[in-house]
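Worksheet: one structure, shown below.
Chain naming here is simple, since letters A, B, ... match the order of the sequence lines and numbering starts at 1 in each. Because only heavy atoms are used, hydrogens play no part in the values below, and waters and symmetry mates are left out as well, while side chains stay in. For clarity, every value in this text was computed on a predicted model and none was experimentally measured.
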Amino acid sequence: MGLRFNLVIGGVLCTLIIGAAVLAPWLANYNPIMDADLMNAELPPDAQFWFGTDAQGRDVFTRILYGAQVSLTVGIGSQLINTTIGLIFGISAGYFGGWWDDLVNGLTNLMLSIPSLIFALAIMAILGPGLVSLLIALGLTNWSWTCRIARSSTLSLKSQGYVQAAKTLGYGDGRIMATQILPNLIGPVLVIATLGMGDAILAEAALSYLGLGIRPPQPSWGNMLTDARELIVIAPWAAIFPGIAIFLTVLGLNLLGDGLRDWLDPQMRTRRA
Amino acid sequence: EEPRSGGVINFVAPYGSSFSSLDIHASAQVQDEFWAKAIHRSLYDWDANESKPVLELATDVSVSDDRLTYTYKLRQDAYFHDGKQMTADDIIYTYTRIMDPAKAYPAAQYISNIKGATEYNEGKAKEISGLKKIDDFTLEITLSDPIDPGYQFMPNYTAIYPVGAAEKEGFFTNPVGLGPYKFAEYVPGSRLSVVKNDKYYDTGKPYADKVNIMIMGDASARDVAFRNKEVDVSVLGPAQYVAYKSDPELANNIMEVAEVYTRHVGFSPDFKPFQDKRVRQAINYAIDSDLIIKRLAKDKAYRASGWLPVSSPAYDKDAKPYPYDPEKAKALLAEAGYPDGFEFELTATQNESWGLTIVEAIIPMLDKVGIKVKAKPVESSVLSEAVPGGDFQAYMWSQESGPDSLTALRCFHSKTPQASCNYTKFNNPDYDKLIEAARQAATDDEKNDLLRKANNLLQEEAPVWFFNYNKAVMAYQPWLHGVQPNSQEMAIQSYEKLWVDDTVPAR
Amino acid sequence: MLRFALRRLLQMIPTVIAVSLLIFVIFSIVPGSIASSMIADGRGTNDPKLVERIKQEFGLDQPVHVRFGNYAWSLAQFDLGTSFRTRQPVSSMIGERLWPTLKLAFAAMCVAIVIGLPLGFIAALKPGSLLDSLTMIGAISGLSLPQFWLGLLVMYLFALTLGWLPSFGYGDGGLRNLILPALTLGVAPLALLARTTRAAVLEVMNADFIRTARSKGMNSFRLVKWHVVRNALVLVITTLGLQFGSMMGQAVVVEKLFSWPGLGSLLIDSVGLRDIPVVQGSILVLVLCFLLVNTLVDVLYAVIDPRISHG
Amino acid sequence: MNGALLEVEDLRIDIGSGESRHNAVENISFSIDRGETFGLVGESGCGKSITALATIGLLRRPLAISGGSIRFKGQDLRSLSAREMRKLRGNRIAMIFQEPMTALNPLSPVGRQIAEMFVLHQGASWHEAERKAVEALASVQVPAPDQRVKNYPHQMSGGMRQRVMIAIALACNPDLLIADEPTTALDVTVQAEILKLMQELCDARGTAVLMISHDLGVIAKMCRRVGVMYAGHMAEERAVADLFRTPAHPYTRGLLGSLPRLGSRGAHGRKRLQEIEGVVPSIAAFPAGCRFEPRCERATAICASTQPGQTDLGNNGFVRCFHHG
Amino acid sequence: MDSAPEPLLRVEDLSVHFPVQGGVFNRRRKMLRAVNNVSLTLNKGECLSIVGESGCGKSTLALSIVGLQAPTSGSIHFEGRPITGKAQPSRIERARMAQIVFQDPYASLNPRQTVFTSLAAPLRLHGIGNGEVESRVEEMMRLVGLKPDQAKRFPHEFSGGQRQRIGIARALILNPKVVVLDEPVSALDVSIRAQIINLLLELKERLRLSYIMISHDLSVVEHMSDRVAVMYFGQIVETGRWESIFANPMHPYTRRLLGAIPDPFAELSGKKLIDEAQAPRPPSGYDYHPQQFDRQDVYSAPQPSQLVAIAGDHCVRLAPVA
Ligand SMILES: Nc1ncnc2c1ncn2[C@@H]1O[C@H](COP(=O)(O)OP(=O)(O)OP(=O)(O)O)[C@@H](O)[C@H]1O
Ligand SMILES: Nc1ncnc2c1ncn2[C@@H]1O[C@H](COP(=O)(O)OP(=O)(O)OP(=O)(O)O)[C@@H](O)[C@H]1O
Ligand SMILES: [Mg+2]
Ligand SMILES: [Mg+2]
């Protein structure tokens, strides 16, 4: 499969989703929360309600658009946290080595050995359902991959001529990490973050299924899917469209991530979280 | 149709994905009643058709004048699965064990009304003074309060064990009871199987040779399994209720029962706006409960017109629920000094019948009268800690409101602490008087009359938004017969009355 | 090799200690309690006295550090404590649930390996072919499905519509009931494995020593058999081990969906009911499984790759 | 049998396809007689390796032969089927690669990797092949060969590994050995040993060698004739002695002038080295005419527009330049 | 000959040992002795070459000199001032003493920075004002034979030779006194090498630089050096002026090295640099040391030996005969 294919399809899907999320207020005909008319509940898709309505009589299309905001917030937000933690730990561990490296290594192994969904579940149990808790829970669980990649890349970058040269030229350690190492990590880290966004969106759905997702009535694809799961016999559209939305978004992110990876570094193909 | 003996019933336990242990005294989960009901028996049993407790392990009871001492004539044809005959010792042993001072068995709440039980439990006494064996088959129980012991000694959680059984090795992996079925096999997390007890005292019963109790928490999975004819019953949620009703094949075999739970939103008395009765009433007016019941609950509920449910003996058939009247609500709010409304936080769980699904529907409705609602989703075990702890502005819950009406209404007695069940700290002297009177009432009619009045007073005061009483719906396969309308908990069936005809698929 | 395995086993110890500490801390601040879970469905009334007694019985009235001391002390004796809910030893409860989970996980892994590995191989040997493209599109799609959604779909398809397989439950522990959950759980690792294998084979095919092998006049079959398989496996095997971990997590969802009596559903139930000792024990055992599998993978790695064992 | 062992004529190799198709190597002609060692020098990227790979039939996408012929013992290799080619490869034409680190399978004992040759080409059983592998290892002067066969590549030094490579290549007594920079990755002292070993073995077996290197010293030491490549063209092809004495192509001359000569500083004092200005053109931007034209001091208008043809210099040598001499 | 002028750089008894990886449970840490008791001096304006086989510790020594590798023991003095151990100057200070040019021109430039940034940032770091920075970068670009306007480009737009020029420019931009050249031309194309060698020699004259050059190409070494040190397994086995080393190599390793060079012109004229039959005998009471090494031996301490002066400052490592 050509590299173009991945990048193009992934890019198009992601752009569409981001567009949907950003333009939700303009694209949607209804309010995702307040426009609930129980008289209109469970209507099949038609000209008025493109994707039908859910059990509350809310427009599924509208909710999917607004759900995109939540899913993307979850995806991007949690990856921002992950990436920041991973980069800080990974770069410093690789750069300084010694006991700090051992410690970070231990921590990464620790995080890797607890299945991330279970860890997120535990954090959600403490914080209670909600967007912020979700961001924290997912943001704290998956940084180990970024950390590992950052660490190993730093280890190899550290011995590169230009990093060594920076040292001899009098750069401080912080400056070296920030100006010489970090910019060269952006590529792989971006790939991991892109793939991680997809994972986070899936994790949101799984946590919603386990009862620990986003606070309703705020629409998220995960809780829409969970709510509509039992409607599948009488109002399948309420479950099918959010399912497709998740699938396409995660697919888009995965394709984009793959495309980016192939584009940035063919050597990285075998490494994958 | 004549019940047929033989065959295998595949029953479901739909309330979670595992049983606690095979020690029913230690449990507080309905899920465990599914197997306990098959294996065990308690002193009383619930008569689903009459909706009242009836004697099960005794043939006769006499009551003292002060209504504190009950003398039971125990039945002499009851044998434990291991062959031992049941005697008064077994009951004394069981009740004493439940009050074990070293353990905190949830079942203790049913036994603690026996005189001396609390003292024993606190280690102040060597035995429970209120339990007296007259002879092997005569047992005298003295209560500390004049309440109906039927409700106390009926729950499956108070199942009778043979003397010394719990101390024996292996009892909890191979429990022995008095029930119609004997324990056969338990696959933790998946299934518990029981086989016919040939020596069951109700001769001719049970009918089926074997019952498999499948643990199936997930409604959609259950739905598939039922349609796939892998299980014989399924408890339906609202959506499935609609689907099953409209499916000609499935519609004929649906059992509906008014259960004894009242779904409501409780208002905190510590939250300023809720201190005003008019605000509480306004909320009752502002929500189109009928619409929600019709569209969201899919008619799988009865509109609440007070606290006591439809199946309650004290239910007032003439009572009218709050009508949907947003204008009136607005007026009341304005009167109470909130013309622009206010905002409150509503703590609720994921539950589709009394949780966020409903909250989502009332958010836009209350919004129309200016009240902003912020949902605060919590896990159910967090809700049940927050509510008794008073840690809420409003909460949504389903609370048991029967089968004993008095017990249910006593929750709103001012002496009942919030931590117990007066979650809204309801305090109304008139109400208290009615309850006291009902307690002392000589006849059931008199009692019910008083309770009805109390119930109506409660409705007027509106400490909660009266939403609905649930309607339990169970679908069963056409070959399954003898399903009983158990208003206490629909899904808990007396297995001995169930039988399958010969159209049952081979298992 | 034995020494190597032993050393890797010993290296698990600090992780296990850290994990147990972490989960103790997390679950000592989690809201809700076993007592509150008892009335969670609105049945019965809250009995404050009972709550007190329960706290006393389980030592929950003690300060945190004392509880931690007790917890650590019993852990050191390999005692996972007693369940709040069942009063059974946690270890025996977990013992009952471990086998189904392992069975499910290994079955899912088998699905992944038996299908994913050859698929990845074939795709890599004909890069750019239709099969390759289809495999990779399928693989990425497989990674993009919400698991419980997929589970529902297969349930509807294979159980309801086609009636081939039971839709739920453990049955008699046989294969029939295992297939659907294993399939659901196996799809993601399958997809990942197909991708990893493809990438690994491609990488190996581009290695210098493959050129050497070609220069010897070898045909493709021998080339693959003698030089590609082992080298690709080395790259794949790590993924396999790590995948096992995330599968253990996903098992929670799948077990719940299929009413599978495994550790995952025990964990979820216990979290919901705040049966903390069981929660802690289950997580610890899941982590232990993960660590053991990865140790095994490391040892396997060393068996395949002489550079590790000699180094 | 008369005629050369290997005759390459007008070989042309393209890289990529469609839009992004470029010519990598063009007009390459040379021939190697039996037992002769022919050298190919040139800078990095000038196309030495792909020429060698084309000869043994191992070019892979995106590279492909797009013209010319390669005749081995009179047989056009391009017309052979894949199967026939495999029979030749390893057996009659063998190859040694530059990087002894990566050219051996890290997961397989070296003995087995040698033994494969006997299994592949002589139908030997594995047992027999392993025994022969010990002999082969002994023949490349690896001490304790019966122990060493069990070693994995990472347990050997670079020199040892390159000996293993030689043992593999010479296992079936090929007629032609292609050695692509066999010693570039090695220390000078080890390089000397390996070169000596190769020379001895090939002489003894009458194996012809195509020796590729960018080190003129190595070429001078090993070869009788040499081709100088520049940017995918054969600039000059001469007997080694002629080349060093009277380099004809401006590039060759520049190259020789730019090398510091050992001993010359002692004799003549330090002299500024001669420089060739500019850089090697990239493959996508080869000049239309002579490829050395942009850097050539003698370049004239014709050089920029026309590719120079071969000018015979006698003694089987030729040069591609309008202004040679 | 009384008080010899203080050399620009003095390396004294320098050793660098690397712990070989051992895990948490593997306490037994072996030490790889990369550099063993090396002593060197570099005088002003001089080019000192270090030759030796791969892995003998040349780069490690070089890194120690520019402060990228902390020595295990021993000391380095710059203009008489210790720059290792407690008295170590700050990185900023040290930057103006010694700089390094790396072998691989591809890895030695940050691919994400323009050449201008690479050259200007160190200047700014050292407190040089904006206006001056630009002129300095421009001047430096010219100095190494590049066009100043090329500074706007990124490294990947340059050829290997040009990158090496940029690497040299970066090393020189702070006006260091010593430049360490770690195999400066070995990764370059043959036709480019001469350009860089000429450039280095030119710069040395013009800026009065002192070089420590590491190389394994003896013809380059001969062409460029004033003095030569031959390293073997972490130790210096022979050192002296270039004429003396190339004319009278003493140590067996030096001789082997010289004997192994394939020099095209020597090759064709049949002249041999070294007559291996005529190995000079060591002075009485000594034997050559070390004669043979096993790879394992980098982990254990070498036998006692010392550098013995043969003629002038031509020294050879010899071991006293027991
Ligand atoms: N697989 C490939 N894909 C793309 N380009 C290639 C490939 N192999 C070689 N080339 C290009 O073909 C040209 C000739 O490469 P070749 O390897 O023959 O050079 P070389 O003379 O052997 O150089 P070196 O001395 O570095 O080995 C180079 O420009 C190179 O970039
Ligand atoms: N950071 C390090 N950690 C461990 N060992 C090291 C480290 N740096 C170098 N070594 C080892 O020290 C020895 C000397 O290395 P060094 O790089 O100095 O050799 P060199 O003479 O420069 O070799 P080359 O000519 O190959 O560049 C080698 O065996 C090397 O493996
Ligand atoms: Mg090459
Ligand atoms: Mg080096």
Side-chain angles (χ1 to χ4, degrees), chain A residues 1-2 5-6 9-10 106-107 109-110 112-123 125-128 195 198-199 201-212 221-222 225-226 229 232 239 242-243 246-255 257-258 266-273, chain C residues 12 14-16 18-19 22-23 26-27 29-32 127-128 132-133 136-137 140-141 143-149 152-153 156 192 195-196 198-200 202-203 235-236 239 242 245-253 256-257 264 267-268 271-272 274 279 282-283 286-288 290-291 294:
Chain A
M1 212 169 4
F5 177 86
N6 282 353
I9 304 283
L107 211 59
N109 286 339
L110 178 72
L112 280 177
S113 64
I114 305 179
S116 55
L117 188 64
I118 290 178
F119 195 80
L121 192 86
I123 296 182
I126 296 177
L127 301 176
L195 298 174
D199 291 346
I201 290 171
L202 287 181
E204 188 267 327
L207 286 173
S208 283
Y209 173 71
L210 298 174
L212 291 164
W221 294 339
L225 201 52
T226 308
R229 203 163 37 104
I232 192 138
I246 296 183
F247 174 69
L248 287 181
T249 308
V250 180
L251 186 71
L253 287 166
N254 280 342
L255 285 172
D258 264 23
Q267 293 300 305
M268 243 186 79
R269 268 177 218 167
T270 43
R271 285 182 240 143
R272 146 98 209 201
Chain C
M12 282 169 47
T15 312
V16 172
V19 168
L22 188 69
I23 53 187
I26 287 178
F27 287 99
I29 54 176
V30 83
D132 179 30
S133 303
M136 285 308 111
I137 292 174
I140 296 186
S141 305
L143 284 174
S144 311
L145 285 166
Q147 211 131 23
F148 71 92
W149 175 245
L152 273 175
L153 291 185
Y156 271 90
L192 195 61
R195 281 161 51 109
T196 319
R198 177 179 180 273
L202 279 181
E203 186 173 319
L235 298 173
V236 168
T239 318
L242 289 171
S246 71
M247 223 169 61
M248 282 295 203
Q250 295 300 336
V252 173
V253 173
K256 189 168 149 68
L257 184 66
L267 175 63
I268 279 295
V271 170
R274 298 294 187 260
V279 173
S282 311
I283 295 182
L286 285 176
V287 169
L288 222 54
F290 171 83
L291 290 174
N294 278 283

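Residue contact with chain C, scored on non-hydrogen atoms closer than 4.5 Å, is absent for A:Leu107. Both the backbone and the side chain of C:Leu145 come within contact range of chain A, with heavy atoms under 4.5 Å apart. Using a 4.5 Å cut-off between heavy atoms, A:Ile126 contacts chain C through both its backbone and its side chain.
For the set A:Leu225, A:Ile201, A:Ile123, A:Ile246, the entry with the most heavy-atom pairs within less than 4.5 Å of chain C is A:Leu225. The candidate from A:Leu212, A:Leu248, A:Leu210 with the greatest count of non-hydrogen atom pairs under 4.5 Å with chain C is A:Leu210. The greatest number of non-hydrogen atom pairs below 4.5 Å with chain A, out of C:Val16, C:Leu288, C:Ile26, is found for C:Ile26. Interface summary for chain C: among A:Tyr209, A:Phe247, A:Phe119, the most heavy-atom pairs under 4.5 angstrom belong to A:Tyr209. Between chain A and the residues C:Leu257, C:Ile23, C:Leu267, the largest count of heavy-atom pairs under 4.5 Å involves C:Leu257. The candidate with the highest count of non-hydrogen atom pairs below 4.5 Å against chain A, out of C:Gly264, C:Gly32, C:Pro146, is C:Pro146.
The nearest pair of heavy atoms linking A:Ala125 to C:Pro31 is O-CD, 3.3 Å. Among all heavy-atom pairs drawn from C:Ser144 and A:Asn254, the shortest one is OG-ND2, 3.2 Å. In plain terms, the two heavy atoms of A:Leu117 and C:Gly249 that are nearest each other are CD2-O, 3.6 Å.
To the nearest 0.5 Å, atom CG of residue A:Leu112 and atom CG of residue C:Asn294 are 9.0 Å apart. We find the OG-CG distance between A:Ser113 and C:Leu286 to be 11.0 Å, quoted to the nearest 0.5 Å. Taking CD1 from C:Ile268 and CD1 from A:Ile118, the interatomic distance works out to 8.0 Å, rounded to the nearest 0.5 Å. We find the CG-CD distance between A:Leu202 and C:Gln147 to be 8.5 Å, quoted to the nearest 0.5 Å.
A heavy-atom distance below 4.5 Å is found between the side chains of C:Phe148 and A:Thr226. Two residues are said to be in side-chain contact when any heavy atoms from C-beta on lie closer than 4.5 Å; A:Val250 and C:Leu143 fail this criterion.
Between the side chains of C:Thr15 and A:Asn109, no donor-acceptor pair is found at a separation under 3.5 Å.
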*Would A:Asp258 and C:Arg195 satisfy side chain to side chain contact (heavy atoms under 4.5 Å, CB included), going step by step from the backbone distance to the final call?*
CA-CA 11 Å; A:Asp258 264 23; C:Arg195 281 161 51 109; 2.7 Å; yes
